[in-house]
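Numbers for residues simply follow the sequence, beginning at 1.
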Amino acid sequence: MHILIGIAVYGFRVFSKIYLLGIFIYFTRKIVYSKPSQRILMVLFACSYVIGSEVFLRMTGGTFLYETSKYLVILFSLMGIFANNHSKQPIPYILYLGLLIPGILVAGFTVSEYTNIRTAIAFNLSGPVCLGIVAILCFKRKISYQNIHKVLFMLALPIITMVTYLFLYTPDIRETITGTGSNFAASGGFGPNQVSTILGLGMFVFSIRFFMYSPSLLFKVVNGFLLAIISYRGIVTFSRGGIITAIFMIVAFIYFYFIKVNIKAKYKISKTVFLFIGMGILIWLFSSIQTSGLIDKRYANQDALGREKADISTGRTELMSFEIDEFLKNPILGVGVGKIKELRQQQEGIEAASHNEMSRILSEHGLFGVIALSILLIAPLAFRLKNKSNVFFYSCYLFWFLTINHSSMRIAAPAFIYGLCLLDIQYKNKRIRKPKQNQFKKRLITT
């Protein structure tokens with residue numbers, strides 16, 4: 001079905017808006033009409049699906065507002081929070097949201113003729129607010145092992161749609177290669193950074209399914225095939241951030257999965273790892289052939305002629321330095337939400353963003369930003385010390401941390417995946433004890 005959606009949207013782009021409306025109506029009904037005990041799970045399904053479809057909807061013009069997906073995640077999460085009482089009080093994340101308010105006030109008091117205050121706040125705070133709301137929803141919530149796999153699979157389904165669209169948009173990658181820079185043509189005509197980030201998430205989900213959710217050879221072949229084509233399309237975007245992040249996530253998952261299982265399972269995992277590495281090498285070789293070796297130079301930080309580039313961060317280091325300097329000049333209140341880009345334009349004549357959430361929150365929120373960032377960094381780790389049930393914890397934590405350092409929070413994925421760090425995964429179902437046969441006979445005789 002999701003392959004057909006990709007084909008339909010490629011043929012008639014108006015279907016993209018219909019697809020978005022369908023997502024909203026379908027999941028709203030699911031949440032509203034679900035049993036109270038199932039409501040949080042339905043909310044997680046809805047948010048996960050929106051995360052997987054966000055970049056696809058943006059690249060095909062399906063969103064009515066640029067931040068539509070973040071607003072939907074916030075809406076669905078609030079439906080879950082207010083409709084379901086939770087004994088665990090997420091105090092750290094309520095405080096985190098409160099710490100974002102002074103930055104809004106500062107921005108309001110320093111409005112200039114260049115400032116569009118509504119746009120600045122919506123663009124720069126929709127991501128952090130989305131993260132706070134999702135964290136409140138997920139904070140120490142219990143979820144079964146089977147259901148967390150369903151949540152991740154809901155994220156992966158629209159990624160299959162996006163990959164289908166990408167193959168139709170640029171069936172021959174060789175025709176699109178012009179150098180070692182990010183490849184917009186291979187990214188559906190959209191931002192390669194965002195596309196590779198979501199495809200990296202798809203790589204992670206299908207790696208999990210390849211190791212944990214392939215009960216037969218057929219399942220392993222299907223999951224392996226989907227993993228291969230998603231990895232290939234992610235690599236040829238020439239955007240390194242999403243792919244490198246995915247590799248870190250996968251390595252963390254395999255390691256913590258390996259140490260958690262028994263000896264027999266360790267043996268199976270070891271065999272699968274060798275198969276997995278072999279498949280990864282083949283995917284890379286195929287990508288290298290398709291790009292005439294330019295992808296190797298891209299990851300080696302070289303240009304098309306093989307010369308090493310001066311700055312591996314593609315200029316972002318200087319942009320981050322400017323933000324740190326502004327933080328040091330305004331250490332208490334910061335410069336205000338959305339003001340850092342405007343100041344850079346005025347002082348240096350450069351209209352660009354660092355895409356680094358850590359330096360941005362410091363420069364725009366000052367001391368309040370330092371405290372807010374500390375909460376985000378420390379709170380999940382403190383939870384992990386007491387509860388080690390979540391085998392995906394470090395993978396999700398790494399995704400959030402690495403993504404906000406190369407792509408900021410331009411998409412809602414870091415916010416939602418961060419929330420998954422805070423879930424309490426339950427591995428054993430409570431079984432009803434059946435009376436032994438002799439006890440049953442005694443009761444029958446007594447009766």
Side-chain angles (χ1 to χ4, degrees), residues 1-10 15-16 19-20 22-23 26-27 44-60 62-63 68-70 72-73 148-170 186-214 219 222-237 239 241-247 249-250 253 283 287 392 395-396 399-400 403 407 410-417 420:
M1 184 183 76
H2 283 80
I3 291 171
L4 292 176
I5 292 172
I7 295 170
V9 172
Y10 177 76
F15 282 155
S16 187
Y19 180 40
L20 173 62
I23 292 170
Y26 175 80
F27 283 110
L44 290 175
F45 284 171
C47 292
S48 188
Y49 195 90
V50 170
I51 295 301
S53 62
E54 179 179 17
V55 173
F56 173 68
L57 290 168
R58 282 183 180 178
M59 74 165 60
T60 55
T63 54
T68 295
S69 297
K70 291 176 186 172
L72 279 179
V73 171
I148 190 65
H149 276 288
K150 291 177 183 177
V151 170
L152 292 171
F153 189 57
M154 293 299 286
L155 187 151
L157 287 173
I159 295 177
I160 294 172
T161 299
M162 184 169 76
V163 169
T164 303
Y165 179 87
L166 290 175
F167 272 106
L168 293 171
Y169 190 90
T170 48
S187 306
F190 193 67
N193 188 284
Q194 295 182 39
V195 174
S196 75
T197 298
I198 291 298
L199 292 177
L201 263 183
M203 290 168 60
F204 171 64
V205 174
F206 282 105
S207 295
I208 290 173
R209 297 185 72 81
F210 186 78
F211 278 91
M212 303 178 86
Y213 235 69
S214 296
F219 272 85
V222 170
N223 287 322
F225 174 73
L226 291 170
L227 171 61
I229 62 172
I230 290 171
S231 301
Y232 165 65
R233 291 304 307 206
I235 291 169
V236 297
T237 63
S239 180
I243 304 305
I244 293 172
T245 298
I247 292 170
M249 292 176 76
I250 293 166
F253 154 68
I283 294 167
S287 302
F392 309 123
S395 296
C396 294
F399 175 81
W400 165 75
T403 301
S407 187
R410 289 186 288 173
I411 58 177
F416 180 71
I417 300 300
L420 298 185

Asks: Looking at every non-hydrogen atom in both residues, tell me the closest pair between Ala156 and Phe206 and how far apart they are.
Replies: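 Residues Ala156 and Phe206, closest heavy atoms: CB-CE1, 3.7 Å.
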Asks: If I compare all heavy atoms of Ile159 with all of Ile230, which pair ends up nearest, and what's the gap?
Replies: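 In this case the closest contact between Ile159 and Ile230 is CG2-CD1, 4.1 Å.
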Asks: Just checking, is any N or O donor in the side chain of Ser16 or Thr60 under 3.5 Å from an acceptor N or O on the other one?
Replies: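 A pair is found: one side chain offers a donor N or O, the other an acceptor, under 3.5 Å apart.
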Asks: Please report the shortest heavy-atom distance between Tyr19 and Pro158, naming the atom on each side.
Replies: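 Reported closest heavy-atom pair: OH-CB, 3.7 Å.
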Asks: How many angstroms lie between atom CG of Asn223 and atom CZ of Phe210, to the nearest 0.5 angstrom?
Replies: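 Between Asn223 CG and Phe210 CZ, I get 8.0 Å after rounding to 0.5 Å.
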Asks: Step by step, would you call Tyr10 with Phe167 a side chain to side chain contact (heavy atoms under 4.5 Å, CB included)?
Replies: CA-CA 10 Å; Tyr10 177 76; Phe167 272 106; over 6 Å; no
Asks: Would you please classify the geometry between the Phe27 ring and the Tyr49 ring as parallel, tilted or perpendicular, with 30° and 60° separating the classes?
Replies: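 Taking Phe27 first and then Tyr49, their aromatic rings sit tilted (interplane angle of 30° to 60°).
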Asks: Quick one: are Ile417 and Leu155 in side-chain contact, heavy atoms under 4.5 Å?
Replies: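 In contact.
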Asks: Do Met162 and Leu199 have side chains that get closer than 4.5 Å, going by heavy atoms?
Replies: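 Met162 vs Leu199: side chains touch.
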Asks: Could you go through the side-chain hydrogen bond (donor to acceptor under 3.5 Å, both in side chains) check for Arg233 and Thr170 one step at a time?
Replies: CA-CA 10 Å; Arg233 291 304 307 206; Thr170 48; 2.7 Å; yes
Asks: Flag the pair Tyr213 / Phe153 as yes when at least one side-chain heavy-atom distance between them is below 4.5 Å, and no otherwise.
Replies: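 No, their side chains stay 4.5 Å or more apart.
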Asks: Are the side chain of Thr237 and the backbone of Ser187 linked by a donor-acceptor contact shorter than 3.5 Å?
Replies: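 Side chain of Thr237 to backbone of Ser187: no pair is present.
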Asks: Determine whether more than 12 heavy atoms belonging to other residues, nucleotides or ligands lie under 6.0 Å from atom CG of Leu168.
Replies: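 For Leu168, atom CG is crowded (more than 12 foreign heavy atoms under 6.0 Å).
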Asks: For the atom pair CZ (Phe56) and CD1 (Ile5), what is the distance rounded to the nearest 0.5 Å?
Replies: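 Answer rounded to 0.5 Å: 8.0 Å.
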Asks: Run the numbers on Met59 and Tyr165 for side chain to side chain contact (heavy atoms under 4.5 Å, CB included), then give the verdict.
Replies: CA-CA 10 Å; Met59 74 165 60; Tyr165 179 87; 3.7 Å; yes
Asks: Could you walk me through whether Leu44 and Ser48 pass the side chain to side chain contact (heavy atoms under 4.5 Å, CB included) test, one step at a time?
Replies: CA-CA 6 Å; Leu44 290 175; Ser48 188; 6.0 Å; no
Asks: Quick one: closest heavy-atom pair of Cys47 and Val73, and the distance?
Replies: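 Nearest heavy atoms, Cys47 then Val73: SG-O, 3.9 Å.
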Asks: Within the distance-only criterion (no hydrogens, no angle test), does the side chain of Ser53 pair as donor or acceptor with the backbone N or O of Val50 below 3.5 angstrom?
Replies: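 It does hold such a pair.
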Asks: Going from CZ on Phe15 to CG on Leu4, what distance comes out if it is rounded to the nearest 0.5 angstrom?
Replies: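 Output value for this atom pair is 11.5 Å.
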Asks: Hey, could you give me the OG1/CZ distance between Thr197 and Arg410, rounded to the nearest 0.5 Å?
Replies: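 Going from OG1 on Thr197 over to CZ on Arg410, the span is 7.5 Å.
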Asks: Is there a side-chain contact between Leu420 and Leu152, using heavy atoms and a 4.5 Å cut-off?
Replies: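 Leu420 reaches Leu152 side chain to side chain.
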Asks: Measuring from Leu157:CG to His2:NE2, what's the distance to the nearest 0.5 Å?
Replies: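 That separation rounds to 4.5 Å.
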Asks: Show the nearest heavy-atom pair for residues Ile250 and Met203, with the distance to one decimal.
Replies: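 Of all heavy-atom pairs spanning Ile250 and Met203, the closest is CD1-O, 4.1 Å.
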Asks: So which of Phe204, Phe399, Trp400 actually passes side-chain contact (heavy atoms from CB on, under 4.5 Å) with Thr245?
Replies: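 Answer to the side-chain contact (heavy atoms from CB on, under 4.5 Å) test with Thr245 among Phe204, Phe399, Trp400: Phe399.
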Asks: Run the numbers on Thr161 and Val9 for side chain to side chain contact (heavy atoms under 4.5 Å, CB included), then give the verdict.
Replies: CA-CA 9 Å; Thr161 299; Val9 172; 5.8 Å; no
Asks: Hey, is the main chain of Arg209 close enough, under 3.5 Å, to the side chain of Ser214 for a donor-acceptor pair?
Replies: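 Pair found, side chain donor or acceptor close to backbone of Arg209.
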Asks: Starting at CD1 of Ile23, measure out to CG of Leu57 and round the result to the nearest 0.5 Å.
Replies: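 Separation between the atoms: 5.0 Å.
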Asks: Under 3.5 Å, is there a donor-acceptor pair between the side chain of Ser196 and the main chain of Ile243?
Replies: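 Not at all, since once roles are kept as given, no pair shorter than 3.5 Å links the two residues.
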Asks: Tell me the closest heavy-atom pair linking Glu54 and Ala412, and the distance in Å.
Replies: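 So the minimum-distance heavy-atom pair works out to OE1-N, 2.8 Å.
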